[in-house]
Amino acid sequence: MEKAYNHKETEDKWYSFWEKNKFFTPNLNSKKPPFSMVIPPPNVTGSLHMGHALNNTIQDIVARYKRMKGFEVLWLPGTDHAGIATQNVVERELAKEGLTREELGREKFIERVWKWKEEYGNRIIYQLKKLGSSCDWTRERFTMDGGLSLAVKEAFIRLWNDGLIYRGDYIINWCPRCKTALADIEVESSQENGKLYYIRYPIEGEKEYLTVATTRPETMLGDTAIAVNPGDERYLKYHEKYAILPLVGRRIPVITHPYVEEEFGTGVLKITPAHDFNDFEIAKSCNLPAIKVIDEEGKMTREAGEFEGLDRFSAREKIIEALREKGLFERTENYEILLGRCYRCKTVVEPLLSKQWFVKTKPLAEEALKAVQEGKTVFIPEMWTGGYYHWLNNMRDWCISRQIWWGHRIPAYYCSDCGNIMVRKTTPKKCNNCKSERIKQDEDVLDTWFSSALWPFSTLGWPKKTKDLKIFYPTSLLVTGFDIITFWVARMMMMGLYIMKEVPFRKVYIHALVRDATGQKMSKTKGNVIDPLDMVEKYGTDALRFTLTAMTAQGRDTKLSEERIEGYKHFINKIWNASRFIFTAGKPSEDGFQPLTIEDKWILTKLNETIEKTERALEKYEFNIYAQEIYNFLWKEFCDWYIEIAKYHIYKGDEEKCKNTSNILLYVLEKFLRLSHPVIPFITEEIWNRIPENFKSNRKSIMIADFPQKDEYEFKTEAEVFEKIKKIVTTIRNIKSDYNIGEEREIFCKIWASENIGKEINKVLYIISHLTGANAEVICEKPTKDILNTVIREVDDMAVGINIEGLIINRENEIKKAQEALKKAEEELSFLMKKLSNENFISKAPEEVIRKTEMEAGLLSERIKVLQEKIKILSEMKG
RNA sequence: GGGCGGAUAGCUCAGCGGGAGAGCACCUGUCUUACACGCAGGGGGUCAGGCGUUCAAAUCGCCUUCCGCCCACCA
């Protein structure tokens, strides 16, 4: 074995070994209970980032763990066609050739996107494999593949037939750059500096005017009313009157509406039904017309008169200028406005009246809410449930039509003669109303999230009644980030319940965001991105996976830095070297391991405890605790103590014990490897394959071995005694360090302990000698004599003494140290005594706590006596 | 404006009722026959502030301050 672990030589080798052996593919005829997950499909345009790395590491840990626990596991992978994102990428590519998609035409453009997908779309799949993801690649899906397209049509038709999809003229969010409608959640709102403009609207037939405050003066050209609060006394006399819209000259009514706030601005609100959500609602209830003054490109329309063709922002300037000239502009005021931007391209979104398709969400949302309230689906951590409820309770209807080309085309057909709408899987030959043959399909495509919402069952074969669907739906677990709870999780819940009559997943584990070391979001523009594939290259997949796992506490964002990954690479290397020692120095035999010494019993007990804690952590999705347990056991217990003691038996002990120890080393290592395989699959497989056959259960891969179980034996008492021995060793090392005692000096160590414990320690004095270089003996009585020439330290209810005669020591210093220790001990004792003399404490605290406190107090007064004695002797010596 | 999270060692975080822990960083010693990606030792904290509940509070409740996030139709 090489001196250091080389991840480059092992990782790809094992991944293809697993794949070739079909370990990722479940057996449908198995009697094992099923466990299923669908991957959150990354965008085909995507490249693996740390968020993906965390997301897939967690899923892979669960998948591997469940497989080893005896489940028939399906982890179904795939990618998302990502409508706008992908279209943007290909359009950019076209732009380099000096082309636009319009010039190319719809069909050619879509061909081009498919070509792009074939060429580059597999990049992210390759990257997921580099991460070790144990997905069943034989079932890989794409949201635009044949089966999923069929599922989309089928779902659309069902919703339409049930009256849950409708088409109509409504105000929607429009991105003038992407030239498409957006759903409410596709708009990112941000507080930005803006202005409030005060504009005068003359009253018809009077010399007076009403002043309106607006943040968007360019929309005034589309005003069809101005409104005041009905109770606003300042404006009572204007009720029922008309105003003349400046610059346009249109006669518009002054209406009253309770929505208008008296305190805001002037208390007069302009109503622009075609470009504002609230105005649209008010206009609907008051039967006001809507006039569109901004078009789909963000330019002023013909209705804008002299401003026609201007961009909406330059129109704003021009309009203010024109008003100023007419004396109708009052003033501006700095004002923080809420601005909506497109989540894809960050362009300021324009609320626009337009004809779109909508899903009626209320009945669907009610079911989705109920299912979580009834515990049919559980969020982990639970805190995310609140956000889910809030969103479902407040959502407007979902605008699902997009005016782009890449996506699922809406399966609706229009008769060009009578306007009849037909919703079908295929193009109808003639109109079912007027028999006309002039049939046209709707130009729009569906929101990408519409197909994503069907993902948990469409990928399993729906609408066909497949065996996959029967076995694996509902899926067991969904692992995803909090940022798409609304985009995706809630919509899968709605669609799953509507179509399958059953929740899409039993549990949803929501993980945090991976940030950089200073807590900033990673982004290309900030230049603080840590590329997971760079990290894999430099430190290995296992190191990256372990780091992400160790740092992912529930409900908290993860701050990641390269140094962390490097640090955990050291841990991976530690496993390698411990194994190397075990394989090269040990002399295992076929005889098992009896009899056991105290350190054997201790490490086996520790192993048992670790298995128990590890399994509990995994069942509760506490991945950081899982990682921490593995780390501590291997390094802090197994390597630091057991292997160090094992060296005694291997290099200095008798042959029998050497064999015995070698066997235990292998036994513990083998179990440890299985325990940690879910998080660090590559190194565990590599080492496991080097373990002698009789220590493994006849499997050809650790991947398909069983997750370790606790052994039946219990050595609790021995393990406790061993912990005392550890403390004695540490104390001797402390003294050596404090008094600068080097290896050349012969050390005599006395250990004072009770008879019971002393007997046990006596049997294994070689441990103490081996680990400290001291000649040790056990004395079963209280330490009173020899204080002068001996440093004495208390260890629990024991004491350790080391000879220091002949060593040059600073008496002043010794006295000072002793006095400080005495002071501290006295303070602590007085605190404990106060507690013990408190009647309430004695009567109300549990027995156990009282006993513990009494014991500590006893120990402390012993310690105080010794310290006092020590100070006395040292002071007398001075003269 | 509404909601959610966080504030504990220099940094990142565990602990969530019985007188504070880890990893990293730092300091000291050490290339000892698995590993210097190592070994041994060490320093370092009024657990954000205040009030309350309790025999007992980092831990439970309330308030304040500061950070982060989500949602939102006062133009």
Side-chain angles (χ1 to χ4, degrees), chain A residues 1 3-5 185 189 196-197 212-216 219 227 259-272 276-282 335 337-338 351 381 383-384 386-387 389-391 394 396 482-483 485-486 512-513 515 517-519 521 539 543 550-551 553 555-561 563-564 566-585 622 624-625 628 631-632 636 639-640 643-644 647 650-651 730 733-734 736-738 740 742-743 771-773 828 831-832 835 838-846 848-850 852-853 856:
Chain A
M1 276 172 94
K3 199 172 168 183
Y5 174 60
I185 44 169
S189 51
L196 202 51
Y197 302 83
V212 164
T214 177
T215 54
R216 304 200 50 208
T219 63
Y259 167 75
V260 183
E261 300 277 338
E262 292 179 33
E263 293 76 27
F264 188 88
T266 56
V268 186
L269 174 66
K270 63 194 265 310
I271 304 291
T272 322
D276 184 282
F277 283 87
N278 297 308
D279 295 3
F280 178 80
E281 291 300 323
I282 293 171
Y335 185 69
I337 52 170
L338 200 66
M383 111 203 157
W384 296 107
Y389 288 160
H390 182 260
W391 189 73
N394 293 289
R396 284 193 293 218
F482 64 85
D483 49 332
I485 293 177
T486 47
L513 204 69
R515 297 171 177 279
T518 60
K521 242 182 187 170
Y539 307 109
M551 300 192 67
R556 223 184 228 232
D557 282 352
T558 299
K559 290 180 193 166
L560 187 73
S561 65
E563 291 84 79
R564 285 314 175 95
E566 192 182 2
Y568 283 119
K569 184 198 150 210
H570 298 170
F571 172 62
I572 301 297
N573 192 50
K574 188 77 180 177
I575 301 172
W576 179 259
N577 272 296
S579 309
R580 193 157 70 99
F581 170 77
I582 293 168
F583 292 146
T584 52
E622 292 170 340
N624 58 325
I625 293 176
Q628 185 190 308
Y631 185 99
N632 273 337
K636 300 298 151 187
C639 289
D640 285 358
I643 289 185
E644 287 310 317
K647 284 177 185 171
I650 288 169
Y651 297 130
T730 306
R733 286 169 172 170
N734 283 344
K736 280 177 70 180
S737 169
D738 288 353
N740 267 322
E743 297 307 318
L771 295 178
T772 64
E828 265 174 52
F831 175 81
L832 292 180
K835 221 171 173 181
N838 183 340
E839 261 179 54
N840 280 325
F841 178 71
I842 301 297
S843 59
K844 290 184 181 168
E848 207 186 289
V849 176
I850 297 172
K852 204 178 133 200
T853 312
E856 277 168 25

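Order of the sequence lines fixes the chain letters, A, B, ..., with proteins taken first and strands second; residue numbering starts at 1 for each chain.
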TODO: Identify all stems in which RNA chain B takes part, counting only runs of at least 3 consecutive pairs (Watson-Crick or G-U wobble, each distance under 3.5 Å), and give each as one range with another, ordered by first number.
DONE: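 RNA chain B stems, ordered by first number: B:1-7 with B:65-71, B:10-13 with B:21-24, B:26-30 with B:38-42, B:48-52 with B:60-64.
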Open item on the list: When you compare the side chain of Tyr631(A) with that of Tyr568(A), does any pair of heavy atoms fall below 4.5 Å?
Closed with: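 Yes, their side chains come closer than 4.5 Å.
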Open item on the list: Taking the side chain as everything from C-beta on, heavy atoms only, tell me whether Thr219(A) gets closer than 4.5 Å to Lys270(A).
Closed with: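 Touching, per the 4.5 Å side-chain cut-off.
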For [X], what residues pass the side chain to side chain contact (heavy atoms under 4.5 Å, CB included) criterion, not counting sequence neighbours?
| X | answer |
| --- | --- |
| Ile572(A) | Tyr5(A), Asp542(A), Ala543(A), Ile680(A), Ile683(A) |
| Thr730(A) | Trp641(A), Asn734(A) |
| Lys844(A) | Asn840(A) |

With sequence neighbours excluded, residues passing salt bridge (Lys or Arg N to Asp or Glu O under 4.0 Å) with [X]:
| X | value |
| --- | --- |
| Lys569(A) | none |
| Arg216(A) | Glu218(A), Glu350(A) |
| Lys647(A) | Glu644(A) |
| Lys736(A) | Glu743(A) |

Open item on the list: rG42(B), OP1 or OP2 - any side-chain N/O from Asn734(A) closer than 4.0 Å?
Closed with: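 Yes, such a contact exists.
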Open item on the list: Counting only side-chain nitrogens and oxygens, does His390(A) get under 4.0 Å of the OP1 or OP2 atom of rC4(B)?
Closed with: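 For rC4(B), OP1/OP2 do not have a side-chain N/O of His390(A) under 4.0 Å.
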Once you round it to whole Å, what is the distance between [atom2] of [N] and [atom1] of [X]?
| X | N | atom1 | atom2 | value |
| --- | --- | --- | --- | --- |
| Trp576(A) | rG38(B) | CH2 | C1' | 17 Å |
| Tyr568(A) | rC24(B) | OH | P | 8 Å |
| Phe571(A) | rA22(B) | CZ | P | 18 Å |
| Glu622(A) | rC16(B) | CD | C1' | 13 Å |
| Tyr5(A) | rC37(B) | OH | P | 18 Å |
| Glu743(A) | rG41(B) | CD | C1' | 13 Å |
| Trp384(A) | rC71(B) | CH2 | C1' | 12 Å |
| Glu856(A) | rA56(B) | CD | C1' | 14 Å |

Task: Leu338(A) CG to Thr215(A) OG1 distance, which is reported to the nearest 0.5 Å - done: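 The distance works out to 10.0 Å.
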Open item on the list: If I take atom CG from residue Leu771(A) and atom CG from residue Asp640(A), how far apart are they, to the nearest 0.5 angstrom?
Closed with: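 Spacing of CG (Leu771(A)) from CG (Asp640(A)) equals 10.5 Å.
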Provide a list of protein-nucleic acid N or O atom pairs under 3.5 angstrom, restricted to nucleotides 73-75 of chain B.
{"from": "rC73(B)", "atom 1": "O2'", "to": "Tyr259(A)", "atom 2": "OH", "distance (Å)": "3.0"}
{"from": "rC73(B)", "atom 1": "O2'", "to": "Asn278(A)", "atom 2": "ND2", "distance (Å)": "2.5"}
{"from": "rC73(B)", "atom 1": "N1", "to": "Asn278(A)", "atom 2": "OD1", "distance (Å)": "3.1"}
{"from": "rC73(B)", "atom 1": "O2", "to": "Asn278(A)", "atom 2": "OD1", "distance (Å)": "2.6"}
{"from": "rA75(B)", "atom 1": "OP2", "to": "Tyr335(A)", "atom 2": "OH", "distance (Å)": "2.4"}
{"from": "rA75(B)", "atom 1": "O3'", "to": "Thr215(A)", "atom 2": "OG1", "distance (Å)": "3.3"}
{"from": "rA75(B)", "atom 1": "N6", "to": "Glu261(A)", "atom 2": "O", "distance (Å)": "2.8"}
{"from": "rA75(B)", "atom 1": "N6", "to": "Phe264(A)", "atom 2": "O", "distance (Å)": "3.3"}
{"from": "rA75(B)", "atom 1": "N1", "to": "Glu261(A)", "atom 2": "N", "distance (Å)": "3.2"}

Distances for protein N/O vs nucleotides 53-55 of chain B N/O pairs under 3.5 angstrom?
{"from": "rC55(B)", "atom 1": "OP1", "to": "Lys844(A)", "atom 2": "NZ", "distance (Å)": "2.3"}
{"from": "rC55(B)", "atom 1": "O2'", "to": "Asn838(A)", "atom 2": "ND2", "distance (Å)": "3.2"}

Nucleotide N/O to protein N/O under 3.5 Å, stretch nucleotides 11-15 of chain B:
{"from": "rC13(B)", "atom 1": "OP2", "to": "Lys559(A)", "atom 2": "NZ", "distance (Å)": "3.1"}
{"from": "rA14(B)", "atom 1": "OP1", "to": "Arg556(A)", "atom 2": "NE", "distance (Å)": "3.0"}
{"from": "rA14(B)", "atom 1": "OP2", "to": "Arg556(A)", "atom 2": "NE", "distance (Å)": "3.2"}
{"from": "rA14(B)", "atom 1": "OP2", "to": "Arg556(A)", "atom 2": "NH1", "distance (Å)": "3.3"}
{"from": "rA14(B)", "atom 1": "OP2", "to": "Arg556(A)", "atom 2": "NH2", "distance (Å)": "3.2"}

TODO: Using a 4.0 Å heavy-atom cut-off, write out nucleotides 25-35 of chain B from 5' to 3' as B (base contacted by protein), S (sugar-phosphate only) or - (no contact).
DONE: --------SBB
